[in-house]
Amino acid sequence: MFLRSRSHQLREDLALGAGPAVEDLASLARIPREHLGIFGRLLRAHRKELLELADARTLTPERAVKWLQRVGEIARTHPVLEEDGRAFLTLHEGGEPSP
Amino acid sequence: VRRLLALMAALGGALPVGAEVPLAERVAALESSYGVVLRSPASGDAALVTEVEAGLAALPPLLRRPPGGPLELELHAEPAPLGLGDGSKERPEWTEGRRRFHLYTYAPSEERRAIFRLSRLSDAEAERLWRRRAVVHAVMQRWDDARGWSKKDRWRRLNGWLSPFQRPLTFSEEALLHYAGAFSRARGQASASLDLVTFAEELFVPVESLRPEALAVDDQVRCQEMSKARALAELLAAESLGHLPPREPCPAFDAWADVENLSHFEVMMVASSGRQPESLFGHLLLRPVWREGAVPNGPGFTPVVQLVALTGLEGRGLDYMMKGLFGGFDIGFLTTTFGDMAHETLELEQRSVRRFRLNLTPVEQARMIERIWELERRGYFAYFFFTDNCASALLFLVNGVLEGEREVRPPGQLWVLPTAALDVLGRAQVVAPDGASQPLLEYIPDDFESTEARAERAWMAREEVLSELSPRLGSEARARLRLLHRRLGSPQPAVRRAAYERMPDVITQALRSVRPEDEEAARALLHAYVTWSVRVERGAVDRADGEKLAVEREQLIGLRTRLPTAAESLRDRQRLFEREDELQRRVAVLDRISLLREALAAAPRRPPTAKEALVLEQAVATEAAFVAVTEAQGALHEGVLASVDPMAFLAHEHQRKVEAEQAWAEGALMKSGAARMVLGAGVDFLAAGSARPVVVLRSAGLSESLGDARLHGFQSGSELRALEGELSLLPRKGLPRVLSSRLTLVGYRTLVRELPLHRHSLEDALGWGVAAQMETLREHAVPYRATAQAEVLVVVDEGARFRRFTALGAGAKVGMHWGGEVLAPVLGPRFALTHRTGLPGSLANAVRLEAEYAPFWRLGSGITHEATGTLQLDLRLGQVGRYRFLFTPRAQARWEGRFASRIEGTLERRLTLGVELH
């Protein structure tokens with residue numbers, strides 16, 4: 001539902017690397033506010049892949065899950081965000097980081 | 001003493017009742033200790049006696065002896081659902097006043113609300129449950145009779161109990177909430193007292209008291225009816241009759257409410273929209289706001305409370321309108337996400353949202369979040385467009401949580417306007433944490449803009465950026481940028497798309513053409529230029545998406561595809577919310593736009609008409625242009641704009657927006673244009689040369705003029721008048737004489753025009769207006785007039801938010817004139833000039849000029865020429881308490897005449913000074 005209803009906002013924010021859709025994704029991925037800039041730049045760099053995967057014409061629930069997983073994978077490519085994920089899981093769950 | 005001790009121990013749960021004490025002694029103990037008298041055959045029924053004892057034990061100790069003397073329980077052999085009376089003569093609950101309470105042989109009930117949480121109980125357990133509840137019912141009824149708890153606002157506000165004649169057409173006590181699920185059982189719908197008593201049955205003898213695993217924690221009454229439980233606990237505590245234990249954790253509610261981090265609530269006013277008549281007067285929403293921790297809250301996922309008529313997917317037509325006017329729909333409390341609200345309101349409907357903070361105490365905030373949880377599940381009442389709408393639902397919600405005896409009264413009995421509801425909330429004063437007095441409602445200078453409103457700002461900002469950039473660029477780069485700029489303003493999306501594809505090259509070349517010392521400043525300006533372009537295109541694509549959705553909806557309805565009616569959708573929703581686990585599974589389908597899109601995707605459609613096909617093509621082309629501009633921006637951020645910090649840019653831009661809105665708010669009037677009253681006095685200068693005094697009374701159900709700046713009102717570019725009247729009186733000894741009167745039933749004018757991007761024809765560049773009014777001119781030969789007029793408006797000059805503007809109007813006027821043995825239709829053209837100049841100080845201070853020339857042809861009378869002019873000064877001066885004065889000196893002239901061999905006419909002039917309190 002998020003990917004369908006926020007598709008324009010997502011496209012706008014991925015082009016800029018910041019905005020409310022990026023904040024939404026950061027909240028899902030448990031990324032602290034001070035690292036939003038890093039997260040936004042990463043998403044912007046992968047925007048074509050992410051927007052293609054989120055294309056409303058081919059979107060299915062499975063594809064949406066895959067999309068969120070991919071956001072998590074992208075976040076983990078940066079050491080700072082990877083560390084955020086580990087810190088969060090250590091604090092709350094105890095397990096492998098996921099978006 | 002032994003009997004008494006045995007009973008006391010049993011009531012305390014320490015002993016298995018009936019094990020050692022003879023039945024007769026237990027019955028006697030009930031009478032001696034609690035005044036509960038069991039008549040034969042009840043007194044001989046050991047199982048019943050045990051449940052009576054258990055029912056009393058469920059009550060707080062001080063409640064177990066009911067006031068009002070002995071309470072007799074009589075058991076009847078004939079069966080009744082739940083073993084209880086229904087208030088009828090055949091099966092009374094009480095006789096001899098409230099002395100004798102009647103029990104019947106237990107029979108299962110078909111009443112859904114009473115039994116749906118009992119499904120895991122055996123028949124025997126259910127019978128025991130209802131016997132205990134019967135005892136609680138009888139005892140609590142006595143207490144309520146004696147203490148009048150159900151008469152207190154604290155209780156009555158929860159289900160909206162109305163006393164006879166409290167509102168027009170309310171002749172007996174009735175509750176606003178009419179859904180059976182909002183009551184513990186159907187009998188509770190009969191009166192506020194029975195509502196309280198039946199709720200006490202469920203609270204003191206919950207399902208889980210018979211068997212703990214019989215009901216999931218989140219479905220238990222303590223997790224479902226927090227407000228009623230709280231109210232009853234407060235009523236008992238206030239009379240020192242016992243302290244109910246605090247609520248134990250409710251996992252689903254606690255996780256959702258996150259009360260510890262709850263910051264405040266916002267009331268949101270969605271701007272009026274001329275696209276649908278039902279949205280002409282605006283709309284109200286509520287939004288809880290939580291404090292943010294280290295991780296962003298995710299603005300799109302935070303909840304928003306929609307107070308809406310549940311119309312399902314019913315098509316707009318006469319039937320829809322009649323249902324909306326006369327209670328054919330229900331109003332409900334829906335929590336959706338902010339993202340869904342933004343998509344529907346800011347993007348598809350293109351309506352901006354003004355925000356206000358509700359200054360509630362921490363306790364009131366906790367109550368509010370509980371009420372939202374409850375009302376989403378059970379809060380349904382009949383929707384009437386004028387009286388029981390989003391505004392009255394908001395006041396109902398707020399009044400249910402206010403502490404003490406505070407209450408925000410509705411702004412009217414016959415019409416509850418959203419903007420007027422903001423006025424009454426703004427007038428209510430509350431105590432701030434520092435002890436000072438503050439309004440319950442405060443404006444937040446940070447509107448949620450529709451993407452088109454944001455595009456308009458971006459459009460102007462882009463022009464400014466271009467002006468700043470030009471002197472810094474080399475001549476060739478400047479020329480290329482200007483060419484690009486021209487193409488970006490094209491109404492054709494394909495032209496804009498092609499321009500966006502060239503944008504990275506043009507921007508890169510532009511940056512390379514500046515002097516090294518100017519490079520950073522130029523980079524920032526070029527980044528802004530690109531970002532504003534994205535926003536302009538975003539407004540266009542969202543608007544096109546909304547138009548596309550409307551077309552697809554029309555195609556679907558054109559086929560008469562079976563869609564669920566509003567009533568069917570409502571029943572589905574009520575069933576869905578009966579069980580928390582079911583709700584959690586299906587929460588994803590509660591979004592209305594998604595429902596519509598799902599229905600559209602699955603249903604066959606008729607082919608589009610030629611006009612519809614154009615809309616669909618335009619949507620596809622606009623989407624392509626939006627994709628192109630975002631790709632251009634992304635590419636530039638990988639290139640020459642890589643060093644720009646987008647978050648710093650957004651933060652700076654947001655700060656500028658907030659500062660501008662703060663500055664506007666400081667000069668604006670707080671009050672909306674609802675319920676206005678102006679009293680004026682002055683002089684009429686008559687045609688004969690004499691003069692006479694005149695008193696003028698102006699009032700309006702709603703009156704907001706072009707250029708008005710009102711925190712609780714509509715946008716400055718639109719004018720809305722409803723039931724606006726003016727009465728001119730000649731003061732004299734005895735009753736004053738009526739000189740003239742005018743009543744505008746409804747009038748609307750707008751100067752808001754399309755951006756150049758959306759101007760496909762002349763009409764897109766024009767404003768427009770309509771009005772219907774009645775007029776009485778007592779001193780004219782044909783004194784009575786009823787007319788309707790329509791006009792197009794050309795704005796020849798305008799300032800920010802229409803504080804200054806000049807508009808010319810051209811249109812037509814038709815109607816009837818009668819009186820003096822004449823009854824004739826009239827028609828004619830109408831030409832108008834409207835001007836406003838803002839004056840220093842308050843934004844309310846202005847000079848206004850309205851001039852009209854409207855010759856008309858009247859059957860049997862030929863052509864009459866009529867011209868009127870009004871020059872008015874609005875001055876906000878002085879303050880008494882919290883009221884401010886608005887002075888309105890006004891000069892008016894009216895000329896009416898005919899062109900024969902010479903011009904014959906009369907000129908009336910008037911000077912008045914009006915005073916209005918805000």
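Convention: sequence-line order gives letters A, B, ...; per-chain numbering from 1.
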**Prompt:** Can you list every ring-ring contact (aromatic ring centres under 6.0 Å, His included) pair that touches residues 628-657 of chain B, not counting sequence neighbours?
**Reply:**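 The answer is B:H527-B:H637, B:H527-B:F649, B:W532-B:F649.
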
**Asked** So which heavy atom on A:A18 is nearest to which on B:L650, and how close?
**Response**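 That closest heavy-atom pairing would be CB-CD1, 3.7 Å.
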
Contact winner vs chain A - [options], heavy-atom pairs under 4.5 Å:
options	result
B:E537, B:E631, B:E347	B:E347
B:V627, B:D645, B:V629, B:L641	B:V627
B:T451, B:D542, B:L636	B:D542

Can you give me every donor-acceptor pair (side chain of residues 20-27 of chain A, partner residue at least two apart or in another chain, under 3.5 Å) with its distance?
{"residue": "A:E23", "atom": "OE1", "partner": "A:R33", "partner atom": "NH2", "Å": "3.0"}
{"residue": "A:D24", "atom": "OD1", "partner": "B:G300", "partner atom": "N", "Å": "2.6"}
{"residue": "A:D24", "atom": "OD2", "partner": "B:G300", "partner atom": "N", "Å": "3.4"}
{"residue": "A:S27", "atom": "OG", "partner": "A:D24", "partner atom": "O", "Å": "2.8"}

Under a 4.5 Å heavy-atom cut-off, does chain A meet the side chain of [X], its backbone, both or neither?
X	result
B:V541	both
B:E292	side chain
B:T531	side chain

**Request:** Output the residues of residues 6-14 of chain A for which the shortest heavy-atom distance to chain B is under 4.5 Å, in residue-number order; output 'none' if no such residue exists.
**Result:**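 Within residues 6-14 of chain A, the residues under 4.5 Å from chain B are A:R6, A:H8, A:Q9, A:R11, A:E12.
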
**Prompt:** What part of A:L51 gets closer than 4.5 Å to chain B, counting heavy atoms only: side chain, backbone, both or neither?
**Reply:**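 Answer is neither: A:L51 stays 4.5 Å or more from chain B.
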
**Request:** Counting only heavy atoms closer than 4.5 Å, note whether A:I31 contacts chain B via side chain, backbone, both or neither.
**Result:**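 Contact with chain B is through the backbone of A:I31 alone.
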
Answer yes or no: are there more than 12 heavy-atom neighbours, outside [X] itself, under 6.0 Å from its atom [atom1]?
X	atom1	value
B:R355	CZ	yes
A:E34	CD	yes
B:R291	CZ	yes

**Request:** Applying salt bridge (charged side-chain N to carboxylate O under 4.0 Å, His left out), name anything that partners A:R41, two or more places apart in sequence or on another chain.
**Result:**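 If we apply the salt bridge (charged side-chain N to carboxylate O under 4.0 Å, His left out) test to A:R41, skipping adjacent residues, there are no hits.
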
**Asked** Do B:Q633 and A:R44 come close enough that some side-chain heavy atom pair is under 4.5 Å?
**Response**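 With C-beta onward as the side chain, the pair stays apart.
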
